[in-house]
Visitor: 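Provided herewith is a single structure, encoded as structure tokens, for subsequent inquiry.
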Amino acid sequence: MHYDYDLFVIGAGSGGVRAARMAAGYGARVAIAEERFLGGTCVNAGCIPKKLFSYAAHVREDFEDARGFGWNVGTLNFEWERLRENKDREIARLNEVYQRLLEAAGVRLLRGRARVLGPHRVQVGERDYTAGHLLVATGAHAVVPPIPGAELGITSDAAFFLPSLPKRALVVGGGYIAVEFASIFNGLGVDTTLAYRGPHLLRGFDDDVRQFLAGEMEKKGIRILFNTRVLALQAGASGRRKVCFGDGTEEVFDLVLFATGRAPSSRGFGLEQTGVKLADNGAIMVDEAFRSSVPSIYALGDVIDRLKLTPVAIHEAMAFAQTHFGASARRMDYENVPTAVFSHPSVGTVGLTEAQARERYCRVEVYASAFRPLKLTLTPRQERTFIKLVVDGVTDRVLGVHMVGPEAGEVVQGFAVAIKGGATKALFDATVGIHPTVAEELVSLRQKRAAPEEMGDL
Ligand code: FAD
């Protein structure tokens, strides 16, 4: 059977673009369909604009710290529109870069929503295309709780394009997108409240990190309401939102941002009709080679809901392309994937949390320290930094590295290589630090923390 293409990719986001380019590099005839912007969520409404906003929010602290270093700074004056427009310009540039990369790789780009018509057939606009392999890389979308008035709130998608900054904002949620946006708003001068139904932020992260981060965010002026449900939103005067909380109280905000989770975008474009099996949450179920229950249909990235991160989607795409179009099979390795949360202060982490380590290993040793970084000693800022190592007491292997503090992602990325390589605590100890840095503390931890059973009531 002759197909129009060897590979037809649906979705030109982080995973789709990399899979298309690599498969084409291996000599496959490739087409890719995109209904919105090239680069997908990360480039247009995720990692990149979020980090640019986060930088903007940090600048205010830099101005505040300046006095301690001898600088006099005039009246501060922030223009949201300028930041938003500059960000838009940079994203438009990146969109073009993605287009050029696809063209240079010889990938045919089709603009429009793709519909799957069968195991080897896709429709875009008025035309049908056939392909030996279909790759679904359609990402995920924000979900909001099913409460009355939910449509009066926004999600992160709209937060990147706000016409003006609110005076008073409520961020609903406790995951990384919630803490990042609460930090951005707060840093840009918005009176910010974060409401979360659980008792701690950042589910899945190390418990010490979760507690430490909440304390530092509160110190910066973010009001955090734990164990708090939002029951309903009502339209108030001048575009305001009245929010009814689970404890019966009401408050008025200028903006309510729901950061309450993201669901795989697997429905509404014909996939269900082909018999592709989906998990209850809509994730496309795939095997190690990213093959779905329909042998010619593959999926990767956020739509398979393993680790919803751009570098993970990219690694999955490289494993997919090499396995199906290259010379040899390549498996995706989900062990020890490092990650950062760009809250203020930021979080960096790789490997196991202390709780996970205690479940899997019988002798776990913990080294931890909290301190005021040198940079802040000349400033009034009382922010502290936290670092932690989780070690297997039997083999001495470092199982987890955790940090809350400035540039935690930059620090932990390097340590992730060591963890991936199976570094021991002795190897950390034998590594000479770079002085004076925050990162050197991670190779200078000598004092073991008492095991929980020895700690008593602290
Ligand atoms: P996407 O990048 O979402 O791409 C999917 C593409 O498919 C989209 O362009 C969509 O328009 C298109 N599409 C969908 N259906 C169709 C159709 N039927 N036809 C044609 N096109 C279609 N990750 C990090 O690693 N670091 C971060 O700091 C980070 N920050 C984030 C912040 C926010 C606010 C959000 C929302 C996400 C963030 N992420 C971050 C996650 C990251 O963006 C995703 O993991 C990544 O984009 C997933 O890539 P993907 O290829 O699976 O999907």
Side-chain angles (χ1 to χ4, degrees), residues 8-20 31-54 91 94-95 98 109-117 122-125 129 134-143 154-161 171 173 175-184 257-272 282-284 286 290 299-318 320 337-343 346-348 408-409 413:
F8 194 106
V9 183
I10 304 178
S14 309
V17 167
R18 182 59 65 96
I32 190 166
E34 173 54 56
E35 64 175 338
R36 297 188 71 211
F37 310 107
L38 294 181
T41 305
C42 183
V43 169
N44 296 283
C47 338
I48 301 295
K50 183 264 313 272
K51 188 93 188 270
L52 293 174
F53 284 1
S54 174
I91 303 299
L94 291 175
N95 294 149
Y98 270 77
L109 172 61
L110 301 163
R111 298 287 194 158
R113 185 165 174 80
R115 259 197 83 72
V116 179
L117 301 179
V122 183
Q123 183 185 36
V124 182
Y129 303 88
L134 302 188
L135 176 66
V136 182
T138 46
H141 56 274
V143 286
I154 63 163
T155 67
S156 58
D157 291 345
F160 290 111
F161 302 96
V171 177
Y176 80 92
I177 295 176
V179 297
E180 288 177 343
F181 268 100
S183 298
I184 288 168
L257 167 64
F258 287 108
T260 41
R262 293 178 64 80
S265 299
S266 57
R267 297 196 166 99
F269 56 95
L271 203 57
E272 305 97 305
I284 299 176
V286 293
F290 304 102
L300 52 79
D302 281 7
V303 77
I304 63 171
D305 198 32
R306 287 185 180 166
L307 287 175
K308 296 211 278 292
L309 292 168
T310 276
V312 171
I314 289 174
H315 269 258
E316 288 173 345
M318 295 192 293
F320 165 82
V337 171
T339 182
V341 178
F342 298 100
S343 45
S346 57
V347 174
Q413 178 70 82

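Each ligand, and each atom within it, is numbered from 1 in the order the structure gives. When reading the values below, keep in mind they use all heavy atoms of this one structure, side chains included, and skip hydrogens, waters and symmetry mates.
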Visitor: Where the closest heavy atom to atom 43 (O) of ligand 1 is concerned, which of Cys42, Gly46, Pro311 has it?
Guide: Cys42
Visitor: Heavy atom of Ser265 under 4.0 Å from ligand 1?
Guide: no
Visitor: At less than 4.0 angstrom from any non-hydrogen atom of Tyr176, what atoms of ligand 1 do you find?
Guide: 29 (C), 30 (N), 31 (C), 37 (C), 38 (C), 39 (N), 40 (C), 41 (C)
Visitor: For atom 16 (C) of ligand 1, which protein heavy atom lies nearest, and how many Å away is it?
Guide: Glu35 OE2, 3.5 Å
Visitor: Just how far is it from atom CD1 of Ile10 to atom OG1 of Thr138, taken to the nearest 0.5 Å?
Guide: 7.5 Å
Visitor: So, do Val122 and Leu134 sit near enough that their side-chain heavy atoms are less than 4.5 Å apart?
Guide: yes
Visitor: Taking Glu180 first and then Lys50, would you say they form a salt bridge - that is, a charged N and a carboxylate O separated by under 4.0 Å?
Guide: yes
Visitor: Please indicate whether any nitrogen or oxygen in Gly39 is less than 3.5 Å from any nitrogen or oxygen in ligand 1.
Guide: no
Visitor: Short list, please: which atoms of ligand 1 are under 4.0 Å from a heavy atom of Gly112?
Guide: 20 (C)
Visitor: Do the side-chain N and O atoms of Thr310 and Ser14 include a donor-acceptor pair separated by under 3.5 angstrom?
Guide: yes
Visitor: Taking Thr260 for its side chain and Val143 for its backbone only, find out whether a donor-acceptor pair lies under 3.5 Å.
Guide: yes
Visitor: Considering the heavy atoms of Thr310, write down every atom of ligand 1 situated less than 4.0 Å from one of them.
Guide: 23 (N), 24 (C), 25 (O), 42 (C), 43 (O), 44 (C), 45 (O), 46 (C), 47 (O)
Visitor: Which heavy-atom pair separates Val124 from Ala33 by the least distance, and what is that distance?
Guide: CG2-CB, 3.9 Å
Visitor: For atom CD of Gln413, decide whether the heavy atoms of other residues, nucleotides or ligands shown that lie under 6.0 angstrom number more than 12.
Guide: no
Visitor: Is there any N or O on Ser14 that sits under 3.5 Å from an N or O of ligand 1?
Guide: yes
Visitor: Check each atom of ligand 1 against the heavy atoms of Lys308 and keep those under 4.0 Å away; list them by number with element.
Guide: 41 (C), 45 (O)
Visitor: How far is atom 8 (C) of ligand 1 from its nearest protein heavy atom, and which residue and atom name does that atom have?
Guide: Glu34 OE1, 3.5 Å
Visitor: I'd like to check which ligand 1 atoms, numbered from 1 as shown, lie under 4.0 Å from a non-hydrogen atom of Ser156.
Guide: 34 (C)
Visitor: Does any non-hydrogen side-chain atom of Arg306 lie less than 4.5 Å from one of Val286?
Guide: yes
Visitor: Identify, for atom 51 (O) of ligand 1, the protein heavy atom at the shortest distance, and state residue, atom and that distance.
Guide: Gly15 N, 2.8 Å
Visitor: Between Glu316 and Gly301 (side chain of the first, backbone of the second, donor and acceptor by atom type, cut-off under 3.5 Å), is there such a pair?
Guide: yes
Visitor: Run the numbers for me: atoms of ligand 1, each under 4.0 Å from some heavy atom of Ala114, listed by number.
Guide: 17 (C), 18 (N), 19 (N), 20 (C)
Visitor: Quick check: does any side chain N or O of Asn95 sit under 3.5 Å from a backbone N or O of Phe37, one acting as donor and the other as acceptor?
Guide: no
Visitor: What protein heavy atom is closest to atom 44 (C) of ligand 1, reported as residue, atom name and distance in Å?
Guide: Asp302 OD2, 3.2 Å
Visitor: For the pair Phe160 and Phe53, name the ring-plane relationship: parallel under 30°, tilted 30 to 60°, perpendicular over 60°.
Guide: tilted
Visitor: What residue and heavy atom of the protein are closest to atom 53 (O) of ligand 1, and at what distance?
Guide: Gly139 CA, 3.3 Å
Visitor: Counting each atom of ligand 1 from 1 as listed, which ones have a heavy atom of Thr138 under 4.0 Å away?
Guide: 5 (C), 7 (O), 14 (C), 15 (N), 16 (C)
Visitor: Would you say ligand 1 has an N or O under 3.5 Å from any N or O of Ala313?
Guide: no
Visitor: Inspect the surroundings of CZ in Arg36 and state if more than 12 heavy atoms from other residues, nucleotides or ligands are less than 6.0 Å away.
Guide: no
Visitor: Give me the nearest non-hydrogen protein atom to atom 4 (O) of ligand 1 as residue plus atom name, then the distance to 0.1 Å.
Guide: Gly13 CA, 3.3 Å
Visitor: Are any of the N/O atoms in Glu180 less than 3.5 Å from those in ligand 1?
Guide: no
Visitor: Any nitrogen or oxygen of Leu309, side chain or backbone, less than 3.5 Å from one on ligand 1?
Guide: yes
Visitor: Non-hydrogen atoms of Ala45 versus ligand 1: any pair closer than 4.0 Å?
Guide: yes
Visitor: Between Phe181 and Phe258, is the ring centre distance below 6.0 Å?
Guide: no
Visitor: Distance under 4.0 Å to a non-hydrogen atom of Gly301: what atoms of ligand 1 satisfy this?
Guide: 52 (O)
Visitor: Return the closest protein heavy atom for atom 29 (C) of ligand 1 as residue, atom name and distance.
Guide: Cys47 SG, 3.4 Å
Visitor: Should Arg262 be counted as touching ligand 1, given the test is an N or O pair under 3.5 Å?
Guide: no
Visitor: Using a 3.5 Å distance criterion without hydrogens, assess whether the side chain of Ser266 forms a donor-acceptor pair with backbone atoms of Ala283.
Guide: no
Visitor: Counting non-hydrogen protein atoms only, what is the nearest one to atom 3 (O) of ligand 1? Give residue, atom name and distance.
Guide: Thr41 OG1, 2.5 Å
Visitor: Kindly give the heavy-atom pair with the smallest separation between Val303 and Val136, and that separation in Å.
Guide: CG1-O, 3.6 Å
Visitor: Side chain, backbone, both or neither: which applies to Val312 and ligand 1 if a contact is any heavy-atom pair less than 4.0 Å apart?
Guide: neither
